[in-house]
**Student:** 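Handing you a structure now.
The basis for the numbers below is simple: all heavy atoms, side chains too, and nothing from hydrogens, waters or symmetry mates. To find a chain, count down the sequence lines: A is the first, B the second, and so on, and within it residues start at 1.
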Amino acid sequence: MLAALNELNPQQRAAVEAIEGPILVLAGAGSGKTRVITTKIMHLMDLGVHPYRILGMTFTNKAAGEMRQRVAKTLGENAARDLTLTTFHSFCARFLRKEIGYLDRETNFVIFDSQDQKTCLKRVIRELHIPEKRYPLDRLRALISKYKNKRGGEGVTLNEAEQEVYQAYMDEMHAQNALDFDDLIAFTCDILSQFEDCRERYQRRYQYIMVDEYQDTNPIQAELINLLLNQDRNLCVVGDEDQSIYGWRGAEIRNILDFDHNYPGARIFKLEQNYRSSQRILDYANDIISQNQLRKHKSLWTEAGLGRPISLRTEQNAIAEAEFIVQKILTSSKAENLAYHQFAVLFRSNYLSRVLEELFRRYQVPYQLIGGLKFYDRKEIKDLLAYMRIVVNPRDWTSFSRALGVPSRGIGAKSQDALYSLFQSGLDVGQILKRVIDHSLVATRTMKGIKAFAALYEKMRQWSETLKPSEWLEHLINALDYLEYLERTDEVTADSRADNIRELQASMVEAERQGILTLAQFMDQTALVSDQDELEDDKPKVNLMTIHAAKGLEFHTVFVMGLEEGVFPNQRSLDSHTQALEEERRLYYVAITRAEKQLFLSHARRRQTYGTTTANMRSRFLSIPLRTYDDSGPEPVLEKKKVKLDNLASQLERMKAQLKQQNVDVNFETLSPKPAKAVRLRPGDVVRHQKFGTGTISSVRGNGDLQTISVYFPGQGVKKLLASKAKLEKVHDRPGF
DNA sequence: TACGATAAACTTTTT
DNA sequence: GTTTATCGTA
């Protein structure tokens, strides 16, 4: 029998030993989910199931890699190699490289990321003469994605114009032989559902299917799993509905909530013992999440002690907040001998990281920012990859157009339009170049650049037949004199960009070591990396990331910052309906449960957004009290920044002296150390409005005549008012915090 | 056609 | 306050 089984608790063990039929494992945060999945895989193999017949779907490549390693450690490299353990997207990419012929398409397709998608969409709506103002690219892209992910389910409908854009976009993608992220999964489903022979092949192969993070699957992914499942229905899904945080990109929390309904006879296991956090952190997390309606009952407990109090910090502005965090890390790491990578700072949105980065740099605390701009999204990398992609897929107009312009060859918009009409008539990159040269279709000045490009293109194709990817790249960089180009265009950033290119080469060498020997294979990797894949967890650096990026991770000490109305929960969720707010609350729950030993919550009274200062009320999440305990442990700490009274008092003294000198007649007794501005409105203040009645200020934004004030009027919702226009009369100050 | 200067838009969250 | 779009000039 597998020894690892004995190391599990009874619930975990039951979940592992249940093998046949549909199984749902509701695994609370920190309940040893990864361990259950890996042990289950090993248990199956121990029972004689060949690893080739096991399919495990994870959320990130990193998670897949870690699981594979654990298996390899116990059962050896060979066993681990034969497992299919990947993300949905990687699985489908590999599937389609083999099987996309069923749909009468070519296997050398490229995968478009959101950036490429938008470039492509831009072309499309320009051709359709649809005003970009009314249909912003981002919105269209998100809409198309949602539409595909829901697969004709309820919720997403397209109006006439949107329908037209969708159709034209699909045609354009087809013409460019490109697939977007959603297509990868959609096309896989199409093939499996339409072609029985193909479906049977895969169904026969995979006897046991496991899906991690099931709460974040969308309808199309659920469909894919269904199509792969044979009549034995050996499906084990693991997840936690309380950690469902991807509803906005089409994830369907119902997939996990209704699992037993969708798969009759399903057995359900709950893992509620937490091995990560202290009791106090778990109690707080339970208090928060129990406010949600949309969930199955589950409550985390631990054998670990009560632990340290959770701390809540109020600062006057975002800079002070960041400073508090950095200082806390400095003192705490020293006092408790903690390495920097045991700390994480979590925030709702990427832009919040800016202030943090500044202070980490100023105090010279090493950090790594996860997410934001990805490595493969950097301009210099995308430039070089564009060349690579047209070699693999000569119909990738988006990349062709990009490559033509960097470094600049004197081929401008006008010439590009001429080339594009050739593309529309069905020619690929090689044919377009040939036609232009043979028929002198552009001005002589431009022709020089075209000829040079054509010569380079021919060479790149030859290199790709004989050279390894890393060598191919080396040749390309030399041919383009790309490093010189970087130096010429921006000498400030040239060095770091050159570093990135070296890193790209290094990652190619590493990929080659793992058996990736063609440009096409390498391309797929670059398209499908996730934020977490980029995390270096062995280096002593403080981790800064969005809460989404922190999913599945854990840290000794966690800071959750920016706990303000409009920031977290963010404005959009407040503007829409309770479902969105529940997801925000789950997000907060995820944030809290990342912490093992210490949890610091913080918010700032004022914060710079766009160019203006905004004052927000503290987050509603903070209205759930941090529990107090009767035991001897210290009370939960409310750290308020002390207003420096001495300072204010001395200011007052100075003012008095000045006034006396000027012989101004004032009653000094009534002067208070508070600023004397008559009507200063702050979040929390209760005000009266002529039309709307009495309400509470939720945020104050900007200054002077342009100052806008958001007021919550019960029954009428939040109104945005211009301070100079709306005569707001203060009823009373905000109650003390 | 390329590059600079100025103006407008912009912030969810991501495979 | 920062990035992207557009316009005018060499």
**Student:** Under a 3.5 Å cutoff, is there a donor and acceptor pairing between the side chains of A:Gln514 and A:Glu510?
**Tutor:** yes

**Student:** Base, sugar-phosphate or nothing for A:Arg141? Non-hydrogen atoms, less than 4.0 Å.
**Tutor:** base

**Student:** According to side-chain contact (heavy atoms from CB on, under 4.5 Å), who are the partners of A:Tyr712, at least two apart in sequence or on a separate chain?
**Tutor:** A:Pro714, A:Val718

**Student:** Within the 3.5 Å criterion, strictly below it, is a donor on A:Gln525 or A:Gln521 matched to an acceptor on the partner's side chain?
**Tutor:** no

**Student:** Assign A:Asn350 to base, sugar-phosphate, or nothing according to its heavy-atom contacts below 4.0 angstrom with the strands shown.
**Tutor:** sugar-phosphate

**Student:** Kindly write out the residues that satisfy side-chain contact (heavy atoms from CB on, under 4.5 Å) with A:Arg354, not counting sequence neighbours, or none if the list is empty.
**Tutor:** none

**Student:** Look at all strands and tell whether A:Ile411 reaches a base, only sugar-phosphate, or nothing, counting heavy atoms closer than 4.0 Å.
**Tutor:** sugar-phosphate

**Student:** Just checking A:Ser415: base, sugar-phosphate only, or nothing, at a heavy-atom cut-off of under 4.0 Å?
**Tutor:** sugar-phosphate

**Student:** What nucleic acid atoms does A:Lys551 come within less than 4.0 Å of, heavy atoms only: base, sugar-phosphate, or nothing?
**Tutor:** nothing

**Student:** Going by ring-ring contact (aromatic ring centres under 6.0 Å, His included), name the residues that satisfy it together with A:Tyr485, two or more places apart in sequence or in a different chain.
**Tutor:** A:Tyr482

**Student:** Roughly how many Å apart are B:dT11 and C:dT6, using the C1' atom of each and rounding to a whole number?
**Tutor:** 23 Å

**Student:** Which word best sums up how the rings of A:Phe95 and A:Phe91 line up, parallel for under 30°, tilted for 30 to 60°, or perpendicular for over 60°?
**Tutor:** parallel

**Student:** Quick check for you: name the first and last nucleotides of DNA chain C, 5' to 3', having an atom under 4.0 Å from a heavy atom of chain A.
**Tutor:** C:dG1 to C:dA5

**Student:** Going 5' to 3' along DNA chain B, between which two nucleotides do contacts with chain A fall, using a heavy-atom cut-off of 4.0 Å?
**Tutor:** B:dT1 to B:dT15

**Student:** Measure the CD-OH distance between A:Gln117 and A:Tyr169 for me, rounded to the nearest 0.5 Å.
**Tutor:** 3.5 Å

**Student:** Take A:Tyr246 and A:Phe59 through the ring-ring contact (aromatic ring centres under 6.0 Å, His included) test and state the conclusion after the steps.
**Tutor:** CA-CA 12 Å; A:Tyr246 282 100; A:Phe59 210 67; 5.3 Å; yes

**Student:** Check every strand shown and say whether A:Asp182 touches a base, only sugar-phosphate, or nothing at a heavy-atom separation below 4.0 Å.
**Tutor:** nothing

**Student:** The criterion is side chain to side chain donor-acceptor pair (under 3.5 Å); which residues satisfy it with A:Asp481, sequence neighbours excluded?
**Tutor:** none

**Student:** Identify whether any heavy atom of A:Phe59 sits under 4.0 Å from a base atom; if not, whether one sits that close to sugar-phosphate; answer base, sugar-phosphate or nothing.
**Tutor:** nothing

**Student:** Please tell me which of A:Gly371 and A:Tyr351 maps to the more 5' nucleotide of DNA chain B, matching each residue to the nucleotide holding its nearest heavy atom.
**Tutor:** A:Tyr351

